[in-house]
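Here is the structure we will look at, set down as C-alpha cells.
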Amino acid sequence: KAGVTQTPRYLIKTRGQQVTLSCSPISGHRSVSWYQQTPGQGLQFLFEYFSETQRNKGNFPGRFSGRQFSNSRSEMNVSTLELGDSALYLCATREDPNYGYTFGSGTRLTVV
Amino acid sequence: QQPVQSPQAVILREGEDAVINCSSSKALYSVHWYRQKHGEAPVFLMILLKGGEQKGHDKISASFNEKKQQSSLYLTASQLSYSGTYFCGMRDNAGGTSYGKLTFGQGTILTVHP
C-alpha cells in the first residue's frame, strides 16, 4: 500500500503570497486532517475533512482554508502569508473513526 | 484546549521503564499515542477507545481512564529504538460521535542511552 503523499516537500514563499499544499491519502482512507507543527507550538489542528465535508476546524485565521475532492485528495491553502506561517504542515489520514492516523512526510513551508 | 503531557522530557538507560501521562479537561471519545523521530513524520502506536481498556503490544502499553480524562503510556525494558518524541492525541466527545477534534499534547522527548 502506498503511504500518504504530500506535495511539495519544501516551499519557500514571500510574505503576502499564497500557497496551496496537496495531500493524497492511502487508498480507502476517506478522512483527512491537517496539522501545523512548529517547535514552539507543537502539533496544532487545522481542519478535518470527511466525504468532502469539513467536520472540524481549529483556531486558525480565515487565511487558512482547505477542501477535499471526491477521490479523497485534499488541499489546503494559505493566503497572505506571514512570517509566522513558517512551519511543517502535516496531513494525516485514516480509514475508520476507530483507527489511528497515518501521517504524510509533510510540507516544509518557509516564509521570507 | 491542548491536552497536558508530563513529563516534558525523560532520559533513560536501555532496559529501564518509563511512564508518560496525558490529561484533558474535556470529555473524551478516544486517546491516540504517536512517536515521532527527528526529521520524520509521527507514527501511530495505539488507540484507546472510551471504556477504560488497556492496550499494548510488545513492551509498550497504555491505559485510558475515561472518568478522569487521563491516559498513560508505559514503556518497559526500553530499547534504543524507543528514542523520540511521544505525543498523545485526545479526541473529544463532540456530539457523542467519533468526529470530535483530535488535539495533541505538547510532546514528551524520550532519550534512551546505551
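Every chain is numbered from 1, with letters handed out A, B, ... down the list of sequences. Side chains included, hydrogens not; waters and symmetry mates left out as well; all remaining heavy atoms used.
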Top contributor to chain A interface from Thr103(B), Leu102(B), Val43(B) [non-hydrogen pairs under 4.5 Å] = Leu102(B)
Under 4.5 Å from a heavy atom of chain B, the part of Tyr99(A) involved = backbone
Partner of Tyr49(A) under side-chain hydrogen bond (donor to acceptor under 3.5 Å, both in side chains), picked from Glu75(A), Gln54(A), Arg55(A), is Gln54(A)
Checking heavy atoms, do the side chain of Glu40(B), its backbone, both or neither come under 4.5 Å from chain A?
-> neither
Against chain B, label Gln41(A) side chain, backbone, both or neither, depending on which of its atoms sit under 4.5 Å from a heavy atom there.
-> backbone
Phe44(B) and Phe103(A): ring-ring contact (aromatic ring centres under 6.0 Å, His included), yes or no, with the steps?
-> CA-CA 8 Å; Phe44(B) 172 69; Phe103(A) 280 83; 9.8 Å; no
Find out whether Trp34(A) and Phe64(A) are in side-chain contact, i.e. whether some heavy atom of one side chain is under 4.5 Å from a heavy atom of the other.
-> no
Option in Gly42(A), Gly104(A), Gly100(A) with maximal non-hydrogen atom pairs under 4.5 Å from chain B = Gly100(A)
Please flag which part of Leu90(A) lies under 4.5 Å from any non-hydrogen atom of chain B: side chain, backbone, both or neither.
-> side chain
Considering only heavy atoms and a distance below 4.5 Å, find which of Arg108(A), Gln44(A), Gln37(A) pairs most often with chain B.
-> Gln37(A)
Contacting region of Phe45(A) [heavy-atom separation from chain B under 4.5 Å] = side chain
With distance as the sole criterion, is a donor-acceptor pair present between the side chains of Thr80(A) and Gln18(A) under 3.5 Å?
-> no
For residues His32(B) and Cys88(B), determine if any side-chain heavy atom of one lies less than 4.5 Å from a side-chain heavy atom of the other.
-> no
Would Phe60(A) and Phe47(A) count as a ring-ring contact (aromatic ring centres under 6.0 Å, His included) if you check the C-alpha gap in whole Å, the side-chain angles of each, and the deciding distance to 0.1 Å?
-> CA-CA 9 Å; Phe60(A) 278 81; Phe47(A) 21 68; 8.1 Å; no
